[in-house]
Structures are given as structure tokens and as C-alpha cells.
Amino acid sequence: MQIERFNDTVNKIYAAAIDQNEMSNAALSIQSMIGGHSVSLVVEDTLSSSFRYSFTNGVTTEQTQDYIENVLGEDELTSFYENQKVGNSWLSQDIWNLSTLEDFSAYQKFYHKIGWTYFTAGLFYQSDAARGYISVTRSKYDALFTQQQRKDLQLFLPHLHRSLLINLTLLERESTIFAYQEGLDHLSAGVVMFSANGNILFANKASMNYLARSQLLNAEFPLQLPTPKDSKRLHSEVMRILNSSAYCPSAYIRFVDKGASYTAVCVPWNRHFTEHTWLGSDSRCMVFFLTQDCIPFTEHYLKSAFDLSHAEANLVNVLCKGLSPKEASQQLFVSEATVRFHIRNILYKTESHSLNGALTKILQTLTIRLV
């Protein structure tokens, strides 16, 4: 396995911890490395025989729904996961010969019709209510999977596990804070967790620069941004959240550090306000430090969320870097009048009265995925 491709795939897995939509890219990257004509990544609700999350490039939406309704509850292949350990991978050819497989009801009803015969698969999550697994498939006319390909798949399972714990915290409340912290350290975004009394419960590696700056300045507030104005606003927003007796909205602070644009996202988090408990009962506020690369404003996303055009989506990504309309026009090689025309459309489509308000509203949709 090529180490560069492996690292790139792992980065995609952890990118999905912030944006679940990125999990499809991670699954496709795993498929490419293992080799197979399709890949499926599923988080299954074992109590209701349904999918909490699923991605596959091997069947249509209609075929997936048919599988859920008519096959999932009695699938002999997926029931094999019930006695498997999280982190283990396996080859279907080592468990069932072709004759046995063809006798399975699930194979006759579903897998045979879509040309799935050989699998290398692994379990990356298991609880009383859910399980997560990934499988790469081949037809009976393809070469069998090798043991090396099985081992390669197994290397990705612990990373999928950690990414799932971050992004889908509602799945299981018994996971320990250590597992989350270990996963958060893989994020390129800085993450800081505050207790109700303003103490820092946890800060990942990517946030250390803002802690170190505070210690260097001997500042009262433990996080410091590059300018006093931005630091004061960050302090004010965190204290607003900590002192609130009811759920309050998130805050977004754009700033520039060493020539790069960032957004500090302050998110309320309290067991009295939400159903999440994985940060402990004392957690009250989370602060994310996001680079522009961490903000998944793809054209498809902006089109589906706000009906923005290709040109308007490009402009949003440029403006979120902190550029003025004039600077944006220079970067996009269009006139300033064209930029302001697109801005008027963005204001209309986001139902905003100002450009800052429009960008904030777009950023608010990101917070839903972060928490």
C-alpha cells in the first residue's frame, strides 16, 4: 500500500468528522486502494432494521430501499457481523463457498441480481442499537480478494471508528471522552472545550497557537486571537454562552492570522440544552478555529442549501476568505459591478440585509454539521 495514498485516504476519513457528506469521498478512496467494482459504507440501526447512514456506488436509491424493506432484516451476510469484533476485517470466500452463498435468501433476492458475490468487509462500530461496516465487492467473474487486500482494509477501520464517534455522537453515549479527544486531535480545525466556569476541558493540537499566545501575553482570557479587537469579541461571545441560562445562538468571528483567513465558531454545548453527553456534564461551550479549507462550501452544497449559481458559489468561497468585493473581483477576473450584482442575488437568496449577515447565515448551516 502506498503511504501517500493511505495518508490521503485517512485525511478524507477525518474530513468526514466535520462534514458527513465527505464520507462518500473516503469510501471511494478506500475502494480505489482495495480494488473492486463497488463499495458500501453503512451505519445500521439494528433495532429497527434501517440505515442511519449509507453510501454505495453499486446500487440505485430504489434498489437500496428495496433491500431495506425486503432483505435487511434477514440478511445472512450482514448478520455475520453480530459475532465479529470491531476493527476486524474478513473475506467472504474464507467463510462461505459459492454454493453455500447461492443458497442464501439474501443472495437470491438481492446480491445475485446486482452482481455482488465476493466481499472484503470490516466492522468499525458496534453497540446495542447500531453497527457500522464497510465492504468492497466483486462479481463472481472477478479475481478473488487477497489476504493483503483484507489487511489493507483493516488499517482503515480504527480511523473510521474515531471519525464516526466525532460526527455521529447520538449513536452511543457510552463512548469515553478519551476516544473523542484522540479523534479530535486528527482534525485540521482547532477545537477548544470550555466548562461552565470558563475552564478549558480539552484543546486539540491545532488550537495550541491560540493558547500559547494567551500565555505569552499573560492574558486573563485563555484564548487570544491576533488582534485585541478580535480577542475581545471572542471573549465576549464565549462568556455570553457560558452565562446563558437558556439555549443561545452560535457566534462566528472571522479573523486573519499570518495572512490566512479563519473563522472562530463558538457553539453552545450543555447537557441541559441538548441531548449530547459525550463531553461530560460540565461542558458548556465549544470553539472551532476553521480555515477556509475546513469550510465545505462546495458548489453542490450551496446550490442545494441556498440555490446559489456557480458564479455566486465561487464568490461566497472568496468572500469567506475575508476579501473585499473589489479584491474578490480581481481574484475572480470579473468587474466589481459583476461582483456586486452577484452579492445582491446572494442577499436575496439567503434572505439577508447585509453581506456579513449572508455569510453568517451560510456559516450557521456549517455549525449544524459540526455539532
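Both backbone and side-chain heavy atoms feed into the values below; hydrogens, waters and symmetry mates do not. Computed from a prediction, not measured in an experiment: that's the story for all the values here.
- Among all heavy-atom pairs drawn from I68 and S49, the shortest one is CG2-O, 3.8 Å.
- Interatomic distance, L234 CG to F221 CZ, rounded to the nearest 0.5 Å: 4.5 Å.
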>> With side-chain contact (heavy atoms from CB on, under 4.5 Å) as the criterion, how do I200 and F194 come out once you've worked through the C-alpha distance, each side chain's angles and the decisive distance to 0.1 Å?
In response: CA-CA 5 Å; I200 291 180; F194 282 94; 3.8 Å; yes
> So S139 and D142, side-chain hydrogen bond (donor to acceptor under 3.5 Å, both in side chains) or not? Walk me through it.
Replying inline: CA-CA 5 Å; S139 75; D142 295 325; 3.2 Å; yes
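- Taken to the nearest 0.5 Å, the CD atom of E312 stands 11.5 Å off from the CG atom of L319.
- For the pair Y53 and S24, the tightest heavy-atom approach, listed with the atom from each and the gap, is OH-N, 3.8 Å.
- When the shell of 6.0 Å around CZ of F341 is examined, it contains 12 or fewer heavy atoms from other residues, nucleotides or ligands.
- Under 3.5 Å, the side chains of T117 and Y107 contain a donor-acceptor pair of N or O atoms.
- With E76 contributing its side chain and S105 its backbone, the two residues share a donor-acceptor pair below 3.5 Å.
- Taking the six-membered ring for Trp and the full ring otherwise, the centers of F110 and Y67 sit less than 6.0 Å from each other.
- Looking at Y133 and E44, their side chains do bring a donor and an acceptor atom within 3.5 Å of each other.
- Taking the six-membered ring for Trp, F124 and H161 have ring centres at least 6.0 Å apart.
- Legend: residues meeting side-chain contact (heavy atoms from CB on, under 4.5 Å) with S335, ordered by chain and number and at least two apart, are A337, T338.
- The shortest side-chain heavy-atom distance between C266 and I241 falls under the 4.5 Å cut-off.
- Using a 4.5 Å cut-off on side-chain heavy atoms (C-beta onward), Q84 and R131 make no contact.
- With values rounded to the nearest 0.5 angstrom, L223 atom CG is found 9.0 Å from S231 atom OG.
- Heavy-atom contacts from other residues, nucleotides or ligands closer than 6.0 Å to CD of E351 number 12 or fewer.
- Residues S352 and A358 come closest through the heavy atom pair OG-CA, 3.3 Å.
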> Going through the checks in order, is the side-chain contact (heavy atoms from CB on, under 4.5 Å) test met by S32 and R5?
Replying inline: CA-CA 10 Å; S32 176; R5 292 184 65 195; 2.9 Å; yes
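- Proximity of a side-chain donor or acceptor of D75 to a complementary backbone N or O of A106 within less than 3.5 Å is not detected.
- Under a hydrophobic clustering in which Ile, Leu, Val, Met, Phe, Trp and Tyr are joined whenever their side-chain heavy atoms come within less than 4.5 Å, directly or via other members, V10 and I3 fall into the same cluster.
- Counting non-hydrogen atoms of neighbouring residues, nucleotides and ligands closer than 6.0 angstrom, the NE2 atom of H235 exceeds 12 such neighbours.
- The closest donor-acceptor contact from the side chain of E102 to the backbone of Q108 lies at 3.5 Å or more, if one exists at all.
- Checked by atom type and distance alone, the side chain of D66 never pairs as donor or acceptor with a backbone atom of E62 at under 3.5 Å.
- Between the CG atom of L28 and the CZ atom of F55 there is a distance of 4.0 Å, given to the nearest 0.5 Å.
- Taking the side chain as every heavy atom from C-beta outward, V339 and V318 never approach each other to under 4.5 Å.
- In this structure, L157 and N88 have side chains that are not in contact, with every pair of non-hydrogen atoms separated by 4.5 Å or more.
- The ring pair (Phe, Tyr, Trp, His ring centres under 6.0 Å) check on F80 picks up W90, W96, with sequence neighbours excluded.
- The main-chain N or O of V39 is found under 3.5 Å from a side-chain atom of N57 such that the two form a donor-acceptor pair.
- The minimum heavy-atom distance between T146 and L91, with the atom names listed, is O-CD1, 3.9 Å.
- Taking 4.5 Å as the limit, every side-chain heavy atom of L101 sits out of range of all side-chain heavy atoms of Y118.
- For the atom pair I30 CD1 and T9 OG1, the distance stands at 6.5 Å (nearest 0.5 Å).
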> Given the rule in the side-chain contact (heavy atoms from CB on, under 4.5 Å) test, do V42 and T78 qualify, once you have shown the distances and angles that lead to the verdict?
Replying inline: CA-CA 11 Å; V42 172; T78 57; over 6 Å; no
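- Residue P222 comes nearest to L211 through the heavy atom pair O-CD2, 3.4 Å, listed as atom of the first residue, atom of the second, then distance.
- Between F255 and Y210, the two ring planes are perpendicular [angle over 60°; tilted spans 30° to 60°].
- In this model, no donor atom of one side chain and acceptor atom of the other lie less than 3.5 Å apart for E336 and S329.
- Using modelled atom types, one side-chain atom of N243 and one backbone atom of M239 make a donor-acceptor pair closer than 3.5 Å.
- Atom CG of D8 and atom CD1 of I13 lie 10.0 Å apart (nearest 0.5 Å).
- Counting heavy atoms from C-beta on, the side chains of W116 and S135 never come closer than 4.5 Å.
- In this structure, T46 and A130 approach most closely via the heavy-atom pair OG1-N, 3.5 Å.
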>> The test is side-chain contact (heavy atoms from CB on, under 4.5 Å); show your working for Y348 and N345 and say whether it passes.
In response: CA-CA 5 Å; Y348 174 76; N345 287 338; 5.5 Å; no
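- Side-chain contact, S99 with N97: no donor N or O sits under 3.5 Å from an acceptor N or O.
- Contact annotation: the side chain of S163 approaches that of M23 to within less than 4.5 Å [non-hydrogen atoms, C-beta and beyond].
- Between the side chains of T120 and R150, no donor-acceptor pair of N or O atoms lies under 3.5 Å.
- If you look at F145 and F119, their ring centroids are not closer than 6.0 Å.
- A heavy-atom distance below 4.5 Å is not found between the side chains of K229 and K232.
- With hydrogens and angles disregarded, a donor-acceptor distance shorter than 3.5 Å links the side chain of K349 to the backbone of D307.
- In this structure, Q31 contributes its side chain and V136 its backbone to no donor-acceptor pair below 3.5 Å.
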